[in-house]
Trainee: 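After the structure tokens below, expect a handful of questions from me.
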Amino acid sequence: MKFRGSVLALLAFLPLLLVGPDAVPAQGEAERLWLVGSRAYGDQLYPLARRVLERFVERYPDDARLAEATLLLGKAQLELDDPAAGLESFRRAQRLAPGGEADEARFWEGQTLVRLKRYREARAVYDVLLAENAASPFAPDALYAYAWCELELKRPDPAVTAFRELIKAWPEHRLAPSAAYHLARTLVQIKQPEKAEEVLARFPSHYPGHPLLPKARYLLGWTRLATGKTDEGVADLRAFIADDPTHAAAAEARRAITGALLRQGRKPELLEEYRTLLGQSPPTPEALYDAALLARELGRPRDAEAAWSSLRREFPAHVLARRAALELAQAAFRRNQLKEAEVLAQEASESSEDRVRLEALVLLGESEVKAKRFQAALKAFDAALALKSGDAALRFRALAGSGVAHEELRHWAEAAERYRRLAGQSPDQALKQWAKARLAAVRAKAQAPSKPRGERAD
């Protein structure tokens, strides 16, 4: 059907291409331009729609369809990733359209401002639309977008109010399920899990089969755990996992279950959970990783390492394989098996996850320091400190390790600079005191003449 419409649009445009505008009566050309422009837009031929509608708007400013054509032109410009031009067209369409017919153009002005990340302006546009015509067919969409603008502006309370108004005023609207889910998420963020639970408990019966239902079930289980309803929360999360074991949040759900059972000391249930994970056929990387975590919590470190090793062997390209390598590297480091720790940490440092990469580089540096390979240690610590994101505590560990490596290499100025930063910036009082002591020691060493000390070969 779309193909047929495209052909009709092109056939309608063909006379204009062949004979030029001067050979076509003005009224006939306007009709053809409108026909081609509107059909081209409907058939998603946006470049053609834009060219033709621009010609229509320029040549026929008195045509009764000017407001509609300008609106359609703005949509085509937006589809072609030209929001600045689209914004101008939508604002012009509002001036041209009579009364309530301007609502659609105003709504699209708001959408364009959101695309441009100008959330305050977009919120003001939606506010005007809702204030002037609360019965507009665009009102629910505008209210939903208004709530999102409030979230982007870090104003969760007005967003909660807007989501609630949408659900109450338009319970059957296509955006109502999404509004309910994001209302619950926002309530969780502002630490009101009891109210979030009320919203989520109604979700399965109100919106059965909705794509957000799995996420809503997961969040319901999480809120019940947060409100102390452990048995209900665990049951919800287990049902969520059973319904969709490959869901992106399934691993998080298993960890939430594990944490809840551990807090209550219910080790028999944890052991059953561990066996269930290991018994999955075919195995999944998520199940192996979580089985390892459970084994560790149950005091079975060898079983944990066996599961992580299986994960690395069977799913070497999976993101969790790098996490498993980091866990194994840490275990090897604790056993003083430095060469194995270095190899595994190097593997983990290639992770796509910033946190894993940072922690692996710090561990690699600490392994090199312990093995007295200080130049290699500096390389690892410098790579860790070069990362732009990551846990602050890990970055301070890297800074401390770098100071130690420089000190061992008798780079007094470099060591002192790192210890000074630690002493001034670290929130850890023990680390702060240690850095002050090392700074004093380095200053004393720098003033005392001494022979250069070599470094053990790698």
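In this text the structure is predicted, and so the values were computed from the model without any measurement.
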Trainee: Flag the pair Asp354 / Leu358 as yes when at least one side-chain heavy-atom distance between them is below 4.5 Å, and no otherwise.
Mentor: no
Trainee: For the backbone of Leu175 and the side chain of Ser178, can you confirm whether one donor and one acceptor N or O come within less than 3.5 Å of each other?
Mentor: no
Trainee: Mind jotting down which residue pairs meet the salt bridge (charged side-chain N to carboxylate O under 4.0 Å, His left out) criterion with at least one end in residues 276-285? Sequence neighbours excluded, please.
Mentor: none
Trainee: Strictly by salt bridge (charged side-chain N to carboxylate O under 4.0 Å, His left out), give each pair with a member in residues 166-191 just once, sequence neighbours left out.
Mentor: Asp141-Arg174
Trainee: Using 4.0 Å as the upper bound for N to carboxylate O, is an ion pair formed by Glu359 and Arg355?
Mentor: yes
Trainee: Quick one: list whatever passes salt bridge (Lys or Arg N to Asp or Glu O under 4.0 Å) with Glu150, sequence neighbours left out.
Mentor: Arg123, Arg155
Trainee: Counting only heavy atoms from other residues, nucleotides and ligands, does the tally under 6.0 Å from CD of Glu297 exceed 12?
Mentor: yes
Trainee: Under the salt bridge (Lys or Arg N to Asp or Glu O under 4.0 Å) rule, collect the residues that match up with Glu197, sequence neighbours excluded.
Mentor: Arg224, Lys229
Trainee: Compile the donor-acceptor pairs under 3.5 Å between side chains in residues 425-433 and protein atoms, sequence neighbours left out, one pair per line.
Mentor:
| from | atom 1 | to | atom 2 | distance (Å) |
| --- | --- | --- | --- | --- |
| Ser426 | OG | Asp428 | N | 3.2 |
| Asp428 | OD1 | Ala430 | N | 2.9 |
| Asp428 | OD1 | Leu431 | N | 3.1 |
| Lys432 | NZ | Ala423 | O | 3.0 |
| Lys432 | NZ | Ser426 | O | 3.3 |

Trainee: By salt bridge (Lys or Arg N to Asp or Glu O under 4.0 Å), which residues pair with Asp81, not counting sequence neighbours?
Mentor: Arg115
Trainee: Suppose we screen for side chain to side chain contact (heavy atoms under 4.5 Å, CB included). Which residues come up paired with Ala180, at least two apart in sequence or across chains?
Mentor: Ile167, Val199, Phe203, Tyr207
Trainee: Using modelled atom types only, decide if a donor and an acceptor are shared between the side chain of Tyr126 and the backbone of Gly110 within a distance under 3.5 Å.
Mentor: yes
Trainee: With the side chain counted from C-beta on, respond yes when Phe333 and Glu342 share a heavy-atom pair under 4.5 Å apart, and no when they do not.
Mentor: no
Trainee: Hey, could you give me each pair passing ring-ring contact (aromatic ring centres under 6.0 Å, His included) that has a residue in residues 169-201? Not counting sequence neighbours.
Mentor: Trp148-His182
Trainee: Using a 3.5 Å distance criterion without hydrogens, assess whether the side chain of Arg397 forms a donor-acceptor pair with backbone atoms of Ala393.
Mentor: no
Trainee: Just jot down the side chain to side chain contact (heavy atoms under 4.5 Å, CB included) partners of Leu116, sequence neighbours excluded, or say none.
Mentor: Pro83, Leu87, Thr112, Arg118
Trainee: With sequence neighbours excluded, tell me which residues meet salt bridge (Lys or Arg N to Asp or Glu O under 4.0 Å) with Lys267.
Mentor: none
Trainee: Which pairs with one or both residues in residues 306-315 pass side-chain hydrogen bond (donor to acceptor under 3.5 Å, both in side chains), sequence neighbours excluded?
Mentor: Ser310-Arg313, Arg312-Glu347
Trainee: Within this structure, what is the CZ-CD1 distance for the pair Arg238 and Ile257, rounded to the nearest 0.5 Å?
Mentor: 5.5 Å
Trainee: Given Leu213, which of Pro208, Pro204, Pro177 fulfils the side chain to side chain contact (heavy atoms under 4.5 Å, CB included) condition?
Mentor: Pro204
Trainee: According to ring-ring contact (aromatic ring centres under 6.0 Å, His included), does anything in residues 220-240 pair up with another residue at least two apart or in another chain? List the pairs.
Mentor: Tyr218-Phe240, Phe240-His247
